[in-house]
Structures are given as C-alpha cells and as structure tokens.
Asks: 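Submitted below is the structure of interest, expressed as structure tokens.
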Amino acid sequence: MGEKTIQKDAKIMIEKLKKEGIDLVWDRLEKQEPQCGFCALGLSCRNCAMGPCRINPFGDEPQKGVCGADADIIVARNLARAVASGAASHSDHGRDLVEVLALVGKIKAYSVRDGEKLKRLAQEYGIDTSKSVEEIAHELAESMMEDFGSKKERIQMIDRAPKRRLEIWEKLRIIPRGIDREVVELMHRTHMGVDNDPVNILLQCMRASLADGFGGSMIATEVSDILFGTPQPKVSTINLATLKKNEVNVILHGHNPIVSEAVVEAASDEEITRLAKEAGADGINLAGLCCTGNEVLMRKGIPMAGNHLLQELVIGTGVVDVIIVDYQCIMPGIVDVAKCYHTAVVTTSPKAKFKGAIHIEFTPENADEKAREVLKLAIERFRKRNPDFIKIPDVKPMELMTGFSVEAIVKALGGTLQPLIDAIKEGSIKGVVGSVGCNNPKVRQDYGHTVLAKKLIENDVLVLDTGCAAVADAKAGLKRMGSANLAGDGLKKVCEALKIPPVLHVGSCVDNSRILVALCALANELGVDISDLPAAGAAMEWYSEKAIAIGTYFVSSGLLVVLGVPPPIHGSQLVLDVLTNKVEELTGGKFVVEPDPEKAAEVIIKHIDKKRKKLGI
Ligand code: BF8
Ligand code: SF4
C-alpha cells in the first residue's frame, strides 16, 4: 500500500496509533486483500436461496445464475440495490427532520429559525401562509410526508427543474412519484423473477435517485434550514488541531443535525461550563466530523476535526472525551479504538446502536435534557484521561470560510445570479463543478479531492463542494480567506471582488441538493437545460452507497460525473456501456471512471469547453 494520506495531522496520528498497536481501517483493508474479484465486478448475487451465484468474467462457465440471470441482469440488480440503499439513507434522514418540523410549537428544543424559508416552502407546497408559524410548519410537514408516500403523481420539488429537463424525465417515465415508493419499487424489481431487463432496471435507478436528490435530500436540507437557520458565510477552523488539550472535547459525528444542534445549545449552558471548570477543564470544545460536522460548521461555525478516515484517528489523540453519533458512515471500528482510551462512544438513535457503545436515546421531546447528560458524561470522562496517551498533532488549525447556501451565494452576488451568469458568459468563470463524496482507504486520503479542486480552480472553474470532499479541500487551505490566489486570473478577480474563496463549501451530502437548486436556477435564468450548462460533478474518493445515489441523480439531471473509484459494474459490458456512454443520449449526462485526479480535471475542463462552445459563449 502506498502513502495513506496527504494530510500531516493524519500522518502523525497513523504513526502514533501504529506504535500503540491499534488496528485501523487501512490495516483491516490489508487483511481483506485480495478482495473478491466477482464482487468487485458486480458479478456475484445472493438475492435468493437458490444461490449464492457468480458469473465467470472470462467467458468460461458459469455464465448464468441458478435462476438463469446473466451478468447484465446481476450487475444491474446489484447497482440498483446500492442506489436504493443510498436514496433510503438520505431520505430517512429527511423524514426525521420532517417529524421534528411537525412538532414545532409542541416541543421546547426545536423551533423555526428561518421563518422566511418556511413561508417560501409553504407557498411552493400550496399552503396558506396567513396562519401562525406553528400551523404552517405543521401543514408543511404533513405535505412533505405525502412526498414520501404513494398518493402523489410526482414529488413536489421535482418542479424546481427546468421545463426541458422535466420533459426529458417525462419521456423516460422517471419522474419520481413518492420517495419511499421509488425505493421500494427498486427493491421489488430486483427480487428474483421481477425486472430482468437491465436497462429498465437502470431507469428505475434514476427515478429512485431523483426521489433522493429532489426529494429526501432536498427535504433534509430545506427543513434543516427552517429549523436551524439557513447557512450564511462565516469563518472557522479545521483539522485535528481544533481539539484542545485543556478543554473537554466532544466530537459530533454522523449526519443529522437534530442531535448535534441540541448539543451545541447545551454546551453554552452555565451549569455545564461550571461543571467543566470544576473538573479542571477550561471549558467545553465541540468539533465536528463527517456530515454532522458539516451541518454545524455551515450553520454555527463549529470547528471541524476531519472527514471519514479521521474518525478512528481523532480518538487516538487521547483527548476526545465523548464522540456522539447519530447515523451513517460511523465505522463500528471506532468502538474498538475508543476502548483503548478513556473515550465514550455515545449512540443516540434507536436505528443506529453499536455493540460496546453507550446508548443515550434522543427524541425531539428530551433532546435538551439528553444533550446535557452527554456533556456531563464527557466531563466525567475528561477526569479519566491518561496523559501518557495524549498527542494532538502539532499543526496549525487551518482557517476556512464556510456557509455558502444558495441563498448566501445569491446574497454575496448582490441579490441575483446575474453577476455569476455574466462572469460565466464573459469567461472569467469557465464553469461550475460539484465535488462530492467520501474518503476511501483504497485512495490516498484527500489526494483525489484536493488535486482535482486545485486543477479546476487554476483553470477558472468554480468548485462547489460538500461532504468529505469539502473537508479535504478545506484542510488543504482551498477555502482560506485569500485562497483566491490559487485560482486562475479570471476566477481570482471574481473571488477577490466578492471576498469569497474559489472553492465554496455548500454543506453536507444531503446538501448536494443545494447544487441541484443552484444548477436549476442557472439553467432557468439562461433559458436552457441543466445538460447545456458548463457544469459537471466528481466523486474522486467515494465509498458509500449514498454517493452512488448522488452520482446517479447528477447523471439523470444531465451532468457528466467523474468517479475516482470504479463502481462494481465492470462485469457487464452492457451496463458499463449504458452508464458511461449511451445514457448521454437519454439524459445528456454520463459517468466517467477516472482514478487520476489530474486526468479527471482534464476530462471535466474539456467537457466544460464543449458546453461553452455549444452555448456560443
Ligand atoms: O454523507 S461524504 S464518507 S460522511 S457518504 Fe459519509 Fe461519504 Fe463522508 Fe457524509 Ni457523504
Ligand atoms: Fe442466483 Fe438468481 Fe438467486 Fe441471484 S437470484 S442468487 S443469480 S438464483
């Protein structure tokens, strides 16, 4: 295995934990190698008890599963199940927020922070906005719950897409009817003996992914903004040096801001501060990890400890007193690492319990009380730190600018998208790229994201990033004040004028819906389709099924999407050809698999140039 990470803080911690004999994600990957070749190609199936089956990729027998399914059917079905899981994850997260919205007025811990957005959404859903905030919130929640069900012919926010895009989807019959419905139908179709036309399965993959992008994820973003405030630009810090030796450190990990927002509130509670001081600490220090981290960074400016592959390393600093999690992307491995230190892993959701963790269940009704309980636990654990195990990497916390919701971007532009459109037209900004997704131990951590982003901004391409890609770029200093210097002359000029970095943090992974909203708005302003825009997506270090769902809704929306890690589809020439080639005739978008970020940037820039030429700009 080559170098594991490009980041200094991570390198220092990997070294420390190695000396302490602790098994990390990279060690476990090594022990898994060689990984199953059939599975890597998508050629194994265990969908029923006549199997498990596998297809020989070299043309020898077996070429069919016991039921008669061939490579194309098996690969398409496997991909479909990944899309279903990814869409389900984002959407179930969205639903949890809708359930909180429905309780506004009846509970203490949560209220409406962005009343303007609540009204805007209510109008979009056809709700009478002359009522009280609580009534509007309740009715909006009810309407959104219908988006999840099977009563509607189309989910509400799909109509944010440009007219031409909707016509394309209507023709392909992939307008999502209900969020849960499309996921359930995809699972149904992949049961043995249902949909055995690989292309038909892929079309339903697109529909389920759109139910995520314009449904579950978009609801998660919009309702989080309503409940916790729409992000505005702010400055914060990032990397492991955000941990403080003399403070009680609590790491907020996972995805849904419901729990973490309550913890942020409770951390400024006088009693808590007093207890922390009594224990000998200077105070409480909160730091984020993964997408929960992105949520509280965007809205509250809470410092960020790191991304996906930092979750074990952060515990190894010996100063994390509690790591509190909600759900998704939380490696079970953190419980084993935490056992070697004084760190408590606290789970909070009835749907995400971890063997060996402490479960403190949060509900909308008890959130403030439970948040204080968790902080008290952290203070207790602070007393139990072992000084022999403490090491915070000696690096400077990196400064970053965050908080670029679409509303904030429009505000920075002076109230309309026009300046951005003008900049794109005259070529000072060549195009826009959404850089998204994870870390994957198979890729040198943060290398793919950061090299891609640097190359794009050098070429005057504005980068919008989310999730762990956003954390990677920020750690590398691409979102510092003054990072406009790293951009090409055109983009630099625009960034300096607007006082923004050339890489804009638009949020967590559900906030990829913000990228959709921005692209829809741009296309609508220009009177074109999304596929006409000089725009693209990239997921250079993806690992998660959620990333597959995101990539699929980007491609379905007409974007070229570069994947830096090959998806398990290479076992079927047909599926590979559809997704990397033929789909372009249908949606205008397609996947490109390119692990080298330099080459990925070239592919994207060429694509952007082509689109500019076609637009005559
Ligand atoms: O939803 S980028 S590793 S943390 S899946 Fe997970 Fe991937 Fe990070 Fe956020 Ni998104
Ligand atoms: Fe085998 Fe077909 Fe069953 Fe899959 S569905 S395990 S290919 S028999």
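For reference, positions follow the sequence shown, starting with 1. Whatever order the structure lists them in is the order used to number ligands and atoms, beginning at 1. The model shown is predicted, which means the values in this text are computed figures rather than measured ones.
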Asks: Scan side-chain atoms only and decide if E541 and N440 contain a donor-acceptor pair under the 3.5 Å cut-off.
Replies: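 No, no side-chain donor-acceptor pair sits under 3.5 Å.
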Asks: Sort out for me which residue in D473, D465, N294, T466 forms a side-chain hydrogen bond (donor to acceptor under 3.5 Å, both in side chains) with H505.
Replies: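 Of the listed residues D473, D465, N294, T466, the side-chain hydrogen bond (donor to acceptor under 3.5 Å, both in side chains) partner of H505 is N294.
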Asks: If you draw a sphere of radius 2.8 Å around atom 2 (Fe) of ligand 2, how many protein N/O/S atoms end up strictly inside it?
Replies: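 Near atom 2 (Fe) of ligand 2, the number of protein N, O or S atoms below 2.8 Å is 1.
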Asks: Pick out which of T450, D9, N239, D446 makes a side-chain hydrogen bond (donor to acceptor under 3.5 Å, both in side chains) with K475.
Replies: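 Of all the options given, the one that passes is D446.
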Asks: Check whether H255 reaches the backbone of Y327 with its side chain - one donor and one acceptor, N or O, closer than 3.5 Å.
Replies: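 Yes: the side chain of H255 pairs with the backbone of Y327.
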Asks: List the steps and the verdict of side-chain contact (heavy atoms from CB on, under 4.5 Å) for C509 and K546.
Replies: CA-CA 8 Å; C509 285; K546 291 180 285 169; 5.6 Å; no
Asks: Could you list all the salt bridge (Lys or Arg N to Asp or Glu O under 4.0 Å) pairs where at least one residue sits in residues 288-298, not counting sequence neighbours?
Replies: E295-R299
Asks: Does ligand 2 have a heavy atom under 4.0 Å from the side chain of R54, from its backbone, from both, or from neither?
Replies: neither
Asks: Which residue supplies the protein heavy atom nearest to atom 5 (S) of ligand 2, what is that atom called, and how far is it?
Replies: R77 NH2, 3.5 Å
Asks: For a side chain to side chain contact (heavy atoms under 4.5 Å, CB included) with H188, tell me which candidate from V194, V183, D195 qualifies.
Replies: V194
Asks: Within the 4.5 Å heavy-atom criterion, are I14 and W26 side-chain neighbours or not?
Replies: yes
Asks: Could you go through the side-chain contact (heavy atoms from CB on, under 4.5 Å) check for T402 and M298 one step at a time?
Replies: CA-CA 6 Å; T402 175; M298 285 280 284; 3.4 Å; yes
Asks: When you pair each N or O of ligand 1 with protein N or O atoms, which pairs come out under 3.5 Å?
Replies:
unit_1   : atom_1 : unit_2 : atom_2 : d
ligand 1 : 1 (O)  : H255   : NE2    : 2.6
ligand 1 : 1 (O)  : K546   : NZ     : 3.1

Asks: Only counting residues at least two apart or in another chain, list the ones meeting ring-ring contact (aromatic ring centres under 6.0 Å, His included) with H93.
Replies: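 For H93 there are no ring-ring contact (aromatic ring centres under 6.0 Å, His included) partners, ignoring immediate neighbours.
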